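So the structure is just underneath, and the comments pick up after that.
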Amino acid sequence: MKPSPTIGIVGSAGTYGRWLRRFFSTHLGLRVLGHDPGDPDADPPQALLDQADVLLFATPIRVTAALIDDYVRMSAGREAGKLWLDITSIKQGAVEAMLRSRAEVVGLHPMTAPPKAPTMKGRVLVVCEARLDRWRPWLRSLLDALEGECVYASAQRHDEMMALVQAMVHASHLAQAGVLEEYAARLGGLEAIMPFRSASFELDVAIAARILSLNPAIYEEIQFGNTHAAEVLDRLLERLAELRDLVRRGDDEARARFRERFLRSREGFGARALAEGNYAYERVGYLLADLVGSRYTSVHLPDDRPGSLCTLLHVFERHGVSLESIHSSRTPGGEVHFRIGFVRGTDPAGLAAAVEEIGRSGIGRVLESG
Ligand SMILES: NC(=O)c1ccc[n+]([C@@H]2O[C@H](COP(=O)([O-])OP(=O)(O)OC[C@H]3O[C@@H](n4cnc5c(N)ncnc54)[C@H](O)[C@@H]3O)[C@@H](O)[C@H]2O)c1
Ligand SMILES: O=C(O)C(=O)C[C@]1(C(=O)O)C=C[C@@H](O)C=C1
């Protein structure tokens, strides 16, 4: 095992492949080779098999196990002593295929689309250690550098969990999106419904929109490629059908049954999960409320040093502008920015002067102001 291994990424031109290439080369300073039929300048598979100490598969779920089998055949034993990784959303097929090689094998699953940030800080990363020995210290250093919240599981347990965490969640939101589409003609589309939103509705629509915006092949495969998904969908459908039947019946007995069968889930959740979930919801609710506030300024601070936020806030203080909220986020390009909300009745002239000073002095770059 080398301290600075060469990385080979299969699927290097894909959404995650590109993020990983940047992570390994820029963040870790490692040499990276990549193969992808979508990139005419990519390295041939043989170069990866010859030169890469760590081979990582970041390819479409549906083809990954068969592709790994091809690499096992092409590698013909050269992989002994090396480390093979994959990031497929369904782990059993890919991990079993990698185990047919002679390499050490770890399956990874980032529980997020590629972040705008350079690492996985704050995101969950599932780690399936299938055959790990000499590469263990390097894997540890990789996981540390990724800064994700690691959870360890066998590939089978991962897939069982994902039937709940992904297949059920995606299916429920895709079903909601379909119902909203059906009602759209009568009610005037989502634009007509949104003004009536609750925070729950807004979040559910955001989740559906997120799913519908990302790679459709991933969402298809998470339903069709996870052998545990159909059973979870059966359970979900049974619950919904039972609820529908009770609501149609509508008598006191049906209501009592609803309370017992549905609202009693609070006991199953347990006091702690209820309290934590409820608190998380409230925090997100405040965040959503802050983000729709119409008096705000979004500022990127180019000078990443202690005290630069304080300097920015002093500008508002000097111009007599009171802040109501402040949140950090990232632009689609990945730049950290602060969205600052102002109290009702803020003097527009004072605010304009503060915004002007921030831009002119170079303290920050004003991205948006409302
Ligand atoms: N995007 C996400 O949100 C996300 C999150 C977690 C895990 N994943 C997993 O990451 C993997 C890649 O997802 P993605 O979103 O980057 O998909 P993608 O479609 O953007 O990228 C896949 C890449 O694989 C390439 N490819 C196809 N066949 C190949 C072959 N024979 N050899 C080499 N490359 C080949 C494609 O040309 C493409 O560039 C999937 O297994 C997915 O489950 C994705
Ligand atoms: O949209 C996101 O950032 C996601 O979390 C994507 C998501 C998910 O919806 O579960 C989708 C596929 C990946 O396997 C991991 C996570």
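Keep in mind the model is a prediction, meaning the values are calculated, not measured. First listed ligand is number 1; within each ligand, the first listed atom is number 1.
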Short list, please: which atoms of ligand 2 are under 4.0 Å from a heavy atom of [X]?
X      : answer
His109 : 13 (C), 14 (O), 15 (C)
Ser89  : 13 (C), 14 (O)
Pro110 : 15 (C)
Leu214 : 1 (O)

Please report which non-hydrogen protein atom sits nearest to [atom], along with the residue it belongs to and the distance in Å to one decimal place.
atom                    : value
atom 6 (C) of ligand 2  : Tyr219 OH, 3.7 Å
atom 1 (O) of ligand 2  : Arg210 NE, 2.6 Å
atom 16 (C) of ligand 2 : Gln166 NE2, 3.4 Å
atom 4 (C) of ligand 2  : Ala113 N, 3.7 Å

Self-check item: Min N/O separation Ile218 to ligand 2 under 3.5 Å
Solution: no

Quiz prompt | Protein residues having a heavy atom less than 4.0 Å from any atom of ligand 1 | solution = Val10, Gly11, Ala13, Gly14, Thr15, Tyr16, His35, Asp36, Pro37, Ala58, Thr59, Pro60, Ile61, Leu67, Ile87, Thr88, Ser89, His109, Pro110, Thr112, Ala113, Pro114, Asn215, Ile218

Self-check item: Same apolar cluster (I L V M F W Y, side chains within < 4.5 Å links), Val232/Leu236
Solution: yes

Salt-bridge contact [X]-[Y] (side-chain N to carboxylate O under 4.0 Å):
X      : Y      : value
Glu238 : Arg235 : yes
Glu79  : Lys82  : no
Arg295 : Glu324 : no

Quiz item: According to the interplanar angle, ranging from 0 to 90°, do the rings of Phe23 and Trp19 count as parallel (below 30°), tilted (30 to 60°) or perpendicular (above 60°)?
Solution: parallel

Self-check item: side-chain hydrogen bond (donor to acceptor under 3.5 Å, both in side chains) partners for Thr119, two or more places apart
Solution: Glu147

Practice problem: Might you confirm whether atom CZ of Arg266 has over 12 heavy atoms from other residues, nucleotides or ligands at distances under 6.0 Å? | Solution: no

Quiz item: When you look at CZ of Arg249, are more than 12 heavy atoms from neighbouring residues, nucleotides or ligands closer to it than 6.0 Å?
Solution: yes

Quiz item: NZ/Lys91 to CE/Met161 distance, rounded to the nearest 0.5 angstrom?
Solution: 15.5 Å

Quiz item: Can you list the steps and then say if Tyr296 with Leu291 is a side-chain contact (heavy atoms from CB on, under 4.5 Å)?
Solution: CA-CA 9 Å; Tyr296 72 96; Leu291 294 184; over 6 Å; no

Quiz prompt | Min heavy-atom dist His170 to ligand 2 below 4.0 Å | solution = yes

Practice problem: Would you check if Glu202 and Leu288 make a side-chain contact, meaning some heavy-atom pair closer than 4.5 Å? | Solution: yes

